[in-house]
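Chain letters run A, B, ... following the sequence lines, proteins first and then strands; every chain starts at 1.
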Amino acid sequence: QRRKIVRGFIYRLNRPQYSARAAHEIPQPSASTSNCSHDFSLSPFSLAAASEEPDADGSVLFGHLQGTVVGLRYYSGVVNQGEMVGLVRQPQNQYDRNAVMVANIYGNQVGHIKRELAAAMAHVMDNNLAKVEGVVHSGTKNSFTMPLMLSFWGKEENQNTVKENMARRGFKLNTGGGKATGTKPNALQHPGSLLKNAFDNLFDGLMESEDGEKQAAEAVGTPLLPHQKQALSWMCARENKSALPPFWERRGELYYNRLTCFSAKEIPERVRGGILADDMGLGKTLTTIALILTNFHKGKPLPVEKCVRVANEFFSDRRAVCLASAIIKCLCTCVCVRRCLYTFFFVCSGVDSSITESADDLSARTTLILCPLSVISNWLDQFEQHVRANVKLNVYLYYGAERNRSKAFLSSQDVVITTYNVLSADFGNKSPLHGINWLRVVLDEGHVVRNPQAQMSKAVLDLKGQRRWILSGTPIQNSVKDLWMLLAFLRLKPFDAREWWNRVIQRPVTQGDRAGLQNLQTLVKCITLRRTKGSEVNGRPLVAMPEKTVCVEQVELSQSEREEYELARNEGRNTIGRYVTEGTVLRNYADVLAILIRLRQHCCHPDLLSKTSLDLGAAATPAEMRERLIEKLRFVLASGSDEECSVCLDSVRLPVITHCAHVYCRPCIAQVIGTEQETARCPLCRSEIKTNELVEFPQEEMEEEKNTNPDKWRTSSKVQALMGNLLRLRCEDSSIKCLVVSQFTRFLTILETPLREHGFSFVRFDGTLSQKKRTQVIQEFQSPAADGPVIMLLSLKAGGVGLNLTAASHVYFMDPAWNPATEEQCIDRCHRLGQTRNVFVTKFIVKGSVEENMVKIQKQKQDLVEKAFGCRNPDRKTSRMDEIKALMEL
DNA sequence: ACCGCCGGGTGCC
DNA sequence: ACCGCCGGGTGCC
């Protein structure tokens with residue numbers, strides 16, 4: 001009797017609506033009696049649990065098992081023929097701590113796994129020995145129990161443990177045929193070139209011209225280019241039209257998802273928004289501003305106050321904008337001042353209250369824009385530039401210690417701009433941003449939120465907004481995995497839960513299933529608009545782009561340079577060869593890197609070679625050890641070798657160095673140590689590591705030692721090659737501006753001497769520049785003044801993606817980069833919208849040197865990344881090894 | 001649940 | 001009557 005009461009209670013909790021199955025038990029059944037649909041009243045527990053889902057990468061199928069779902073009659077969740085279900089452990093279940101709950105895709109509970117089987121599975125699941133997935137092939141009309149096909153997936157090394165564990169309890173895993181994986185078994189399991197091409201083209205041809213063009217609202221002062229009108233039209237349509245999300249179709253009374261076989265009575269929640277993935281320079285910011293002003297509620301423009309009469313007031317507003325923009329620019333500049341930032345808001349006019357609809361849906365007014373700090377000033381500038389001067393648009397910069405945290409205030413604005421960092425700092429701390437239901441949330445440079453573990457990602461996913469947009473020129477950085485974050489933000493159901501993403505998309509794709517890839521393509525296509533600067537519409541280029549010519553100029557070393565180089569090379573080859581035979585390359589990774597850098601420096605200029613020894617060998621005291629590690633870290637960072645953190649596989653942020661001399665992001669390695677506790681080992685070389693042994697780079701030290709004595713200056717073959725080019729170019733056309741790019745900032749310093757000698761006026765741009773200086777330098781370089789600088793010495797990795805250097809039309813790469821994409825990005829800084837001349841790129845490569853090998857590897861590496869995209873770059877370490885061997889011709 | 005299981009009623013054919 | 005058989009009550013974890 002008591003049990004019954006409890007059950008009834010749960011039962012009511014789980015079913016806010018009476019579903020069909022309950023009809024016979026309830027005196028007054030609801031109108032619908034369809035038995036194969038789901039109500040959308042979601043039980044809250046499911047998605048939260050599912051989003052903790054780990055990666056499916058590298059999982060192996062252990063086998064299948066026919067199981068039974070029981071207790072169907074107690075729950076409202078229903079499943080269709082072929083539908084995938086989720087299995088969730090319920091260790092707190094009062095009747096059986098081995099309980100395994102079965103839920104459909106929307107998280108509605110269907111039933112439980114039969115007790116005996118659950119007992120066997122619990123051990124496997126709790127110890128993460130395998131991930132168990134279920135698909136229902138039959139019995140969906142059953143009232144009490146139904147058969148369920150289970151598949152066990154996991155790491156190869158756990159396969160036997162799992163099989164034995166299951167067998168011990170009388171459940172034999174079936175390793176035969178490939179049925180029941182969720183997706184229908186599809187031909188051509190071939191991860192070769194087909195896949196590679198398909199992924200390459202994933203974001204290609206996503207132009208949607210059927211939408212036609214849309215005129216921007218009057219308040220937009222800048223006339224839109226045709227492709228921008230197209231984008232505006234597309235964005236408005238995505239916000240307003242109620243098209244079914246990808247893979248959903250109407251089947252009679254129901255909506256049906258053909259991938260997961262899930263069906264629902266109500267129209268599935270559609271995604272109002274998407275990914276605007278246009279190449280940079282095509283005007284994503286302008287288009288977004290136009291969207292904000294043009295598409296308020298029901299396709300009407302945002303009601304904005306116009307002030308025609310009071311010119312004075314208007315000017316003061318304008319001035320406020322300029323002031324704000326200027327202050328931001330200089331505040332963003334130096335790291336140390338950031339803390340003292342204070343807030344200000346501008347154009348703070350009274351709230352336009354012409355929209356007073358009480359309906360929840362219509363009360364939202366504000367668009368929240370999130371962006372990296374570096375592009376805030378760009379947004380402010382663009383609002384100023386593109387919004388008609390007589391229009392009062394309330395834009396609030398939510399930044400700085402004094403920011404106004406009032407929800408009422410924030411939600412009365414038209415636009416609130418803030419940074420990802422501010423958002424994640426606020427997150428979990430009574431964040432007002434998370435308490436507002438925004439009209440629209442826009443993630444600018446959306447690819448920066450990518451690591452789902454990161455606090456920032458969680459903060460972003462937790463935002464409430466009716467419409468959601470991601471702006472990004474490069475939506476995928478490395479792999480399919482990157483896409484999950486984007487889909488999760490867009491709330492593209494059911495893929496916002498990791499389990500369904502992994503099962504339906506990520507695993508099939510990484511395992512080379514063509515259908516999986518097709519699905520991914522469909523998915524992306526539905527929500528993305530992407531044009532590149534080379535795109536054409538009706539045979540006409542989107543925007544006229546001047547041509548780009550890339551050539552390699554081989555440089556011969558002088559005899560003495562060659563002798564020095566060979567000496568260093570042989571020495572390095574011996575050392576690395578020894579590491580290779582000993583199998584200690586990774587343990588000595590910093591040394592290997594140092595050797596390679598030295599060789600590359602030899603190719604550029606002999607004076608680049610740092611005199612500091614990198615020998616860690618005999619560090620007497622801890623202080624000494626620390627000093628040497630800092631030295632090493634400095635060396636690794638200053639050389640601009642594009643170090644990536646082996647944990648997050650991204651460029652290192654907040655770099656720290658371990659005692660075994662490997663560089664990671666502090667948060668990444670801290671997490672590794674946190675999870676492994678005392679047994680923590682360096683992910684690269686497996687040496688023991690401890691938190692208190694991590695050495696940080698002292699912030700103040702970022703600037704480098706200057707004063708290479710000009711008296712002692714000497715030239716090098718590469719310097720000669722460059723100067724030859726520059727002088728010739730000046731004769732031909734003295735108005736042409738050039739970028740001279742190197743990874744070695746010291747090389748840039750060396751180059752200053754001959755430039756001065758030959759009377760070139762130049763500027764220098766590298767990572768050590770404060771933000772304020774940056775804008776100054778760029779303005780100076782971009783300015784068409786006759787006596788302005790004609791050359792910019794540019795360090796390869798300096799500056800963000802948005803850097804605009806269109807004044808230059810010639811680019812000289814003094815040394816090759818590990819990562820060809822970095823070079824491409826650099827070229828794109830001048831070969832972009834606004835470039836009027838043809839662009840010429842020259843790459844200097846020393847003949848018969850490590851540089852030539854680097855170029856070869858660049859190509860191979862690109863192939864490799866594309867082939868293995870998605871897998872967690874499984875052989876990253878070994879491929880690094882191969883790289884090193886190839887570089888040294890071992 | 002058109003089952004299995006439990007436990008009470010029952011007991012030649 | 002320490003069994004078998006019958007038929008009603010009952011039923012996830």
Take the protein atom [atom1] of [X] and the nucleotide atom [atom2] of [N], then report the distance between them rounded to whole Å.
X        : N      : atom1 : atom2 : result
A/Met146 : C/dC12 : CE    : P     : 16 Å
A/Met121 : C/dC12 : CE    : P     : 19 Å
A/Gln94  : C/dC13 : CD    : C1'   : 9 Å
A/Met101 : C/dC13 : CE    : C1'   : 12 Å
A/Lys114 : B/dC5  : NZ    : C1'   : 11 Å
A/Tyr74  : C/dT10 : OH    : P     : 12 Å
A/Glu116 : B/dC5  : CD    : C1'   : 13 Å
A/Asn93  : C/dC12 : CG    : P     : 12 Å

Original post:
Can you tell me how far C1' in C/dC5 sits from the matching atom in C/dA1, rounded to whole Å?
Top reply: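 It works out to 12 Å between them.
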**OP:** Quote, to the nearest angstrom, the C1' distance that separates C/dC13 from B/dC2.
**Re:**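 My reading of the C1' atoms in C/dC13 and B/dC2 gives 25 Å.
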Original post:
Could you walk me through whether A/Glu156 and A/Gln159 pass the side chain to side chain donor-acceptor pair (under 3.5 Å) check?
Top reply: CA-CA 5 Å; A/Glu156 180 61 56; A/Gln159 168 138 259; 3.3 Å; yes
Subject >> Pairwise salt bridge (charged side-chain N to carboxylate O under 4.0 Å, His left out) hits with a residue in residues 117-128 of chain A, at least two apart >> reply: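 For residues 117-128 of chain A: A/Arg89-A/Asp126.
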**OP:** Looking only at side-chain atoms of A/Tyr75, point me to the closest of B/dA1, C/dC13, C/dC12.
**Re:** C/dC12
Original post:
Does any nucleotide pair with B/dG11 by Watson-Crick or G-U wobble geometry, both distances under 3.5 Å, and what is it?
Top reply: C/dC3
**OP:** Kindly label the base of B/dA1 as syn or anti, based on whether its glycosidic torsion lies within 90° of 0.
**Re:** anti
Original post:
With centres under 5.5 Å and planes under 30° as the test, does A/Phe144 stack with B/dA1?
Top reply: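 Base of B/dA1: stacked against A/Phe144.
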Subject >> Residues in ring pair (Phe, Tyr, Trp, His ring centres under 6.0 Å) contact with A/His123, at least two apart in sequence or another chain >> reply: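 Ring pair (Phe, Tyr, Trp, His ring centres under 6.0 Å) check on A/His123 returns nothing, list empty.
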Subject >> Base C/dC12 paired with A/Tyr95 side chain (donor-acceptor, <3.5 Å) >> reply: no
Original post:
Which class fits the ring pair A/Phe262 and A/Tyr106: parallel under 30°, tilted 30 to 60°, perpendicular over 60°?
Top reply: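 Judged by the thresholds at 30° and 60°, the geometry between A/Phe262 and A/Tyr106 is parallel.
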Subject >> Ion pair check, A/Arg491 and A/Glu269, cut-off under 4.0 Å >> reply: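 Not counted as a salt bridge, because no side-chain N and carboxylate O are separated by less than 4.0 Å.
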